Amino acid sequence: MLNLSYKIMQYHFFLKGMTNYINTNFVRLGISSDQKDAIVLLFTNWTPKMDAYSNGSTYGPVSITDINALYIATKLITTGVQGQISSNPTVTLTGADYANLGIAKPKARRTHVPAVKFAPVVSCISNTTLMPVFFAANPNFPTQKRKPKDVRFIGVRLCFVKAGDPPPVFADFVTQDPEGHTEFEMPVTADKVTWELWIICYYISPTGEAGPDSTPFMVVIV
């Protein structure tokens with residue numbers, strides 16, 4: 001049975017759709033021809049790695065290693081493209097643009113929603129090859145999977161530490177993109193096998209207020 005990552009599968013369909021959409025609309029979106037070609041090449045390079053990862057005859061440590069590394073590198077690029085398009089004052093985005101480019105549509109400004117005053121409790125619910133899965137639990141309802149009231153995202157900070165090195169201090173942690181669900185995967189690259197992955201989570205309100213940090217949690221990458 002294939003243990004495919006939901007996050008990577010979801011990204012595959014996003015990348016395919018984004019690539020096709022930019023290929024058709026790049027001029028209107030303020031994308032140069034060279035940059036458009038580079039984005040198309042991203043999906044061209046992604047496809048054989050994804051095919052190997054999702055094929056039962058080739059799925060295994062090699063294909064997992066390849067797709068995780070490519071996912072991390074490619075996502076950095078597509079996130080930059082999303083930011084470039086959304087911040088371009090000469091581009092007026094349509095509903096179709098928001099949907100196909102994965103850009104969050106601005107919402108009517110809400111009244112200030114303060115952050116909750118408690119932190120989630122972090123645990124690792126699965127730790128397979130290069131793919132730990134974490135659960136940021138509500139300490140008041142530990143088995144409840146939905147986010148607490150007035151929480152929109154789970155904030156995440158990460159730090160990798162070589163085996164045998166001292167535990168990290170707060171300044172060592174790097175803030176990641178927030179997660180929309182309390183259970184989330186964290187793909188890592190093969191060079192981090194045997195390293196410790198330390199994670200801190202916190203709640204983010206609908207208006208962007210951050211609550212207190214969780215106790216750091218550690219898992220060894222396999």
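Note that the coordinates shown come from a computational prediction; the quantities given were computed from them, not determined experimentally.
- Judged by distance alone, with hydrogens and angles left aside, the side-chain atoms of Q176 form no donor-acceptor pair with the main-chain N or O of G155 at under 3.5 Å.
- With sequence neighbours excluded, no residue forms a salt bridge (charged side-chain N to carboxylate O under 4.0 Å, His left out) with E185.
- The side chain to side chain contact (heavy atoms under 4.5 Å, CB included) check on E183 picks up I125, F135, K145, with sequence neighbours excluded.
- Residues that satisfy the side chain to side chain contact (heavy atoms under 4.5 Å, CB included) test with A69, not counting sequence neighbours, are T189.
- Listed for the E209 side chain is no donor-acceptor partner under 3.5 Å among the backbone atoms of V113.
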Check your understanding: Would R152 and I204 satisfy side-chain contact (heavy atoms from CB on, under 4.5 Å), going step by step from the backbone distance to the final call?
Key -> CA-CA 6 Å; R152 183 178 182 189; I204 302 174; 5.8 Å; no
Below 3.5 Å, can you tabulate the donor-acceptor pairs from side chains in residues 26-34 to any protein atom, sequence neighbours excluded?
residue: R28; atom: NH1; partner: D97; partner atom: OD2; Å: 2.9
residue: R28; atom: NH2; partner: D97; partner atom: OD1; Å: 2.8
residue: S32; atom: OG; partner: Q35; partner atom: N; Å: 3.1

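- Checked by atom type and distance alone, the side chain of S63 pairs as donor or acceptor with a backbone atom of G60 at under 3.5 Å.
- Under the rule for a side chain to side chain donor-acceptor pair (under 3.5 Å), S87 has no partner lying at least two apart in sequence or in another chain.
- For the side chain to side chain contact (heavy atoms under 4.5 Å, CB included) test, residues two or more places apart in sequence or in another chain that qualify with T65 are L130, A190.
- Residue pairs meeting the side chain to side chain donor-acceptor pair (under 3.5 Å) criterion with at least one partner in residues 36-49, sequence neighbours excluded, are H12-W46.
- Annotation for Y6: atom OH does not count as buried by contact number, only 12 or fewer foreign heavy atoms lying within 6.0 Å.
- Looking only at distances, a side-chain donor or acceptor of T78 sits under 3.5 Å from a matching main-chain atom of K75.
- Not counting sequence neighbours, the partners of D213 by the salt bridge (charged side-chain N to carboxylate O under 4.0 Å, His left out) test are R157.
- Taking Ile, Leu, Val, Met, Phe, Trp and Tyr as members and joining any whose side-chain heavy atoms lie under 4.5 Å apart, directly or through other members, the hydrophobic cluster of F173 also contains V161, F170, W198, I200, M218, V220.
- Looking at N25, its side chain does come within 3.5 Å of a backbone N or O of Y21 through a donor-acceptor pair.
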Check your understanding: For V62 and Y53, what are the C-alpha separation, side-chain angles and deciding distance, and is it a side-chain contact (heavy atoms from CB on, under 4.5 Å)?
Key -> CA-CA 9 Å; V62 172; Y53 175 67; over 6 Å; no
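- In this structure, D172 contributes its side chain and P168 its backbone to no donor-acceptor pair below 3.5 Å.
- Residues V193 and V222 have side chains not in contact (no heavy-atom distance under 4.5 Å, counting atoms from C-beta outward).
- The side chain to side chain donor-acceptor pair (under 3.5 Å) test applied to S205 returns T207, not counting sequence neighbours.
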Review point. Which is it for N88 and I85 under the side-chain contact (heavy atoms from CB on, under 4.5 Å) test, yes or no, and what are the steps along the way?
Key: CA-CA 5 Å; N88 187 336; I85 294 172; 5.9 Å; no
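- In terms of the side chain to side chain donor-acceptor pair (under 3.5 Å) criterion, Y59 has no residue partners (sequence neighbours excluded).
- P148 pairs by the side chain to side chain contact (heavy atoms under 4.5 Å, CB included) definition with F118, N138, V151, Y203, not counting sequence neighbours.
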